[in-house]
Amino acid sequence: MQNIPKHYNQAGEPNVYKLWESSGYFNPDNLEGEPFTIMMPPPNATGTLHIGHAFETSIQDILTRYHRMKGDKTLWLPGTDHAAIATNTKVEKILIKEEGKNRHDIGREAFVKKVEEFVDASRGTIQKQLRTIGASADWSREAFTFDEPRNLAVRTAFKKMYDEGLIYRGTRVINWDPKGQTSVSDDEVVHKTEKGQLYTFKYSKDFPIAIATTRPETKVGDVAVAVNPKDKRYKKFIGKEYEVEFAGTKLNIKIVADDTVDPEFGTGAVGVTPAHSITDYEIALRQNLKPVQVINEYARMIEAAGALVAGKKTKEAREIIVSWLKENGLLEKTEDIDMNIATAERSSGVIEPLPKLQWFVDVNKEFERNGKKTSLKQLMHNAVRSGGVKILPERFEKVYFNWIDNLRDWNISRQLWYGHRIPVWYKGTTIYCDIEPPKEDGWTQDEDTLDTWFSSALWTFSTLGWPKEIQDLKTFHPTSVMAPGYEILFFWVARMILMSTFLLGEVPFQVVYLHGMVRNIEGKKFSKSQGTGIDPVEVIQKYGADALRMALVVGVGPGNDSKYDEMKVKGYRNFANKIWNAARFVLQNTEDYNSPQPPLKLRETSSLTSRRGLGKKAQPKAGALLPADKKILEELDSLVKSITKQLEKFDFAHAAEDLYHYFWHTFADKIIEESKSKLADEKTRASAQLMLKTALETQLKLLHPFMPFVTETVWQLTHEDLLMIQKWP
RNA sequence: GGACGGUUAGCUCAGUGGUAGAGCAUCUCUUUGACGUAGAGAGGGUCAGAGGUUCAAAUCCUCUACCGUCCACCA
């Protein structure tokens, strides 16, 4: 006992982790009690974890360890996401760089194989990182959004929705990413503000109405001019049709009335380009206008655009048309304005709206559920409105509802090779949708793959074996808590609610605790491409996982962004050392204390579950305490109550801070200091020893969810069993 | 154009009605057997601004400014 080193050494953390993992208690099959479930938001399989993941992991591990100690049958299920677009893009980029080939050069099968190799290697890194952070997750149930069981879930979900008429195929103007060569959903479009020009012009000299646009090159695809029906200036033109010669092509322009036109903006008249604008497409649908496509998938002008610009890139075409307008005296005005450019979230390519045949989830279609009419939108709405799903912090509920209100049909098909293939086959004009391919020959499967969020949306139950009715699904679903970042509220949280309520008729989770982003000290996003990313493993090697966890959790309000500061980590490294040394003092001064019953040997018990709560046997009797020491423990007891309350409220920041404060400035600075004279006096020594031992052990338990490594390491000095499964005080 | 968050000590943040707090940083002292990755102590804020409610406002209400984020079909 005298040989306890002067400093806590975090180099021993991996051994502690091995001890936990081999104990089997990460697996709830070895635990009794009420189920408590957290599904890990699966990190992208091709990435490595950054400091934000470390934060997210810390929160979940705190919850998991707390509930495990509380006596719940606790499951934290880990996994990774195949992140179709991101992975597809990344691997193709490597392929081009290393072999000078794109995916079409090597073919679908070879490409997918390459991706899979890449993903396998990358997943291993993530698993290692999670262990380093201390994640007490059940590795035996680890899942991947693109493995066989998850693929079955995807096919099953697709078929059920298809049969219900909630998935349909149709030609719509969608967000096309020319860079990534795929369509993307509305949520994957990021608007960036850029300086641009607003051109005001007339199609031709005789045309009565001037229009304004930021994209002159699309105007060769115009079929109408829309005006507000109340606009007196243009009322007399409504319904008229004009044939115009415009920039080397002939246009047939009809003047139509549409309420969505703002008379105040520009000239109060909109040139309608149905094929290349989602809003114009909607106007066209209302007005029965036929779209004319003039731009292709590579953002080049096609034949239909006219001889002047055919074959040109959109950017060049814009310049050509602007000069044509100038030459013909049709350009009335050019203004510099701030405009919103739509870009693809993943490739940052400029979105080109195009009419395409795609698969969609219909969010408005009514269907019967429990004898009542409902829709997917309504299901999503009700899940939160009814309180079945609680969103924390509450302010995000408003954001959620706002999103649902503006929601349009979800484009789920992607023109990528890596991803879940759409379970639909064609033979001539016949369409066949099923979980398994058709038995006869002659069918060809749909080429498209599914939006990665389609499979992620099934995560809370696909991980538990659905559609198979295994015991896990019954035991652990709906899950208890989901703790993703607020930035994926729409992408993921909303869609999990959609899928779970539709497919299972129950919510996916009871609570969504949304956390904020970890930024650098200047308040900017960490960026891997700019080399400003931080590997949590490096930080952990320097300061220890406990220190990092505390630094990420303390001082961060629910749902708030935070700034990562290495000095803060250093501060909690010092705290870990403080715990170590306070424990060292207590252990050195209580060696001669006769505890009522010595701890049992770990190896003497065979059953895993019978080991739970053994630490209690070493607890001293309260009667042996003098009033002053008793009072100290009573005060500690009120801390226990307050910490417990904070954890129940997801107030990790305050719980951690209060524990820090009490341990350092009350226990170490005051209680231990005052105990020195008590220990020196035979009359008070035994009581002080009992008090110190009890107070220390109680605090180790309280601190364990936050700082699992140092607390377990200290515990192991005098116990044969694990702190991880001691009963919460 | 909507919605939300923020503005408190040099820095990072707590504090939601009752005489301004923590950590880090700064300064002074302490080589005392748990720990110098430490201990004792000190300095430092008109709580963004204006108005209002109240016996009492960092805290509640109104407005303003600035910073940040999300949503939105100004073509």
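- OP1 or OP2 of C4(B) lies within a sub-4.0 Å distance of a side-chain N or O belonging to K398(A).
- Nucleotides A48(B) and C55(B) place their C1' atoms 27 Å apart, quoted to the nearest Å.
- For the segment residues 276-288 of chain A, residues with any heavy atom less than 4.0 angstrom from an atom of RNA chain B are, sorted by number, T279(A).
- When the nucleotides A22(B), U12(B), G15(B) are ranked by their closest atom to the side chain of H654(A), G15(B) comes out on top.
- Nearest to the side-chain atoms of T213(A) among the listed nucleotides A3(B), U12(B), A75(B) stands A75(B).
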Worksheet item: If the sugar-phosphate is the primed atoms plus P, OP1 and OP2 and the base is the rest, what is the B/S/- string for nucleotides 31-43 of chain B, using protein heavy atoms under 4.0 Å?
Response: ---BBSBSSS---
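- Nucleotides A42(B) and C24(B) place their P atoms 16 Å apart, quoted to the nearest Å.
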Atom pairs, protein N/O to nucleotides 70-72 of chain B N/O, distance under 3.5 Å:
| from | atom 1 | to | atom 2 | distance (Å) |
| --- | --- | --- | --- | --- |
| C71(B) | O2' | N402(A) | OD1 | 3.0 |
| A72(B) | N6 | N340(A) | ND2 | 3.2 |

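- Between the P atom of C67(B) and the CZ atom of R519(A) lies a distance of 15 Å, rounded to the nearest Å.
- Rounded to whole Å, the C1' atom of G33(B) lies 49 Å from the corresponding atom of U46(B).
- The separation of G45(B) from G15(B), taken at their C1' atoms, amounts to 14 Å, rounded to a whole angstrom.
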Worksheet entry | side-chain contact (heavy atoms from CB on, under 4.5 Å) between F667(A) and I632(A), worked out | CA-CA 9 Å; F667(A) 183 62; I632(A) 288 170; over 6 Å; no
Discussion item. R215(A) vs M339(A), test: side-chain contact (heavy atoms from CB on, under 4.5 Å). Steps then yes/no.
Written reply: CA-CA 11 Å; R215(A) 297 200 61 192; M339(A) 54 188 238; 5.7 Å; no
Practice prompt. Begin from the C-alpha positions of K563(A) and K568(A) and carry the test side-chain contact (heavy atoms from CB on, under 4.5 Å) through to its verdict.
Written response: CA-CA 10 Å; K563(A) 294 179 182 177; K568(A) 201 168 161 189; over 6 Å; no
Worksheet item: Can you list the steps and then say if F396(A) with Y486(A) is a ring-ring contact (aromatic ring centres under 6.0 Å, His included)?
Response: CA-CA 8 Å; F396(A) 286 107; Y486(A) 61 71; 5.6 Å; yes
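- Ring geometry for H515(A) versus F55(A): interplanar angle over 60°, hence perpendicular rather than tilted (30 to 60°).
- Nucleotide G44(B) is matched to nothing when pairs are restricted to Watson-Crick or G-U wobble geometry with both distances under 3.5 angstrom.
- Annotation: U19(B) and A57(B) have their C1' atoms spaced 13 Å apart (nearest Å).
- Between K230(A) and D259(A) there is no salt bridge, since no side-chain N of the basic residue sits under 4.0 Å from a carboxylate O of the acidic one.
- Aromatic ring orientation, F652(A) versus F650(A): perpendicular (interplanar angle above 60°, classes split at 30° and 60°).
- A cation-pi arrangement is present between R385(A) and F401(A), with the terminal nitrogen or guanidinium carbon under 6.0 Å from the aromatic centre and inside a 45° cone about the axis.
- Nucleotides C63(B) and A72(B) place their C1' atoms 26 Å apart, quoted to the nearest Å.
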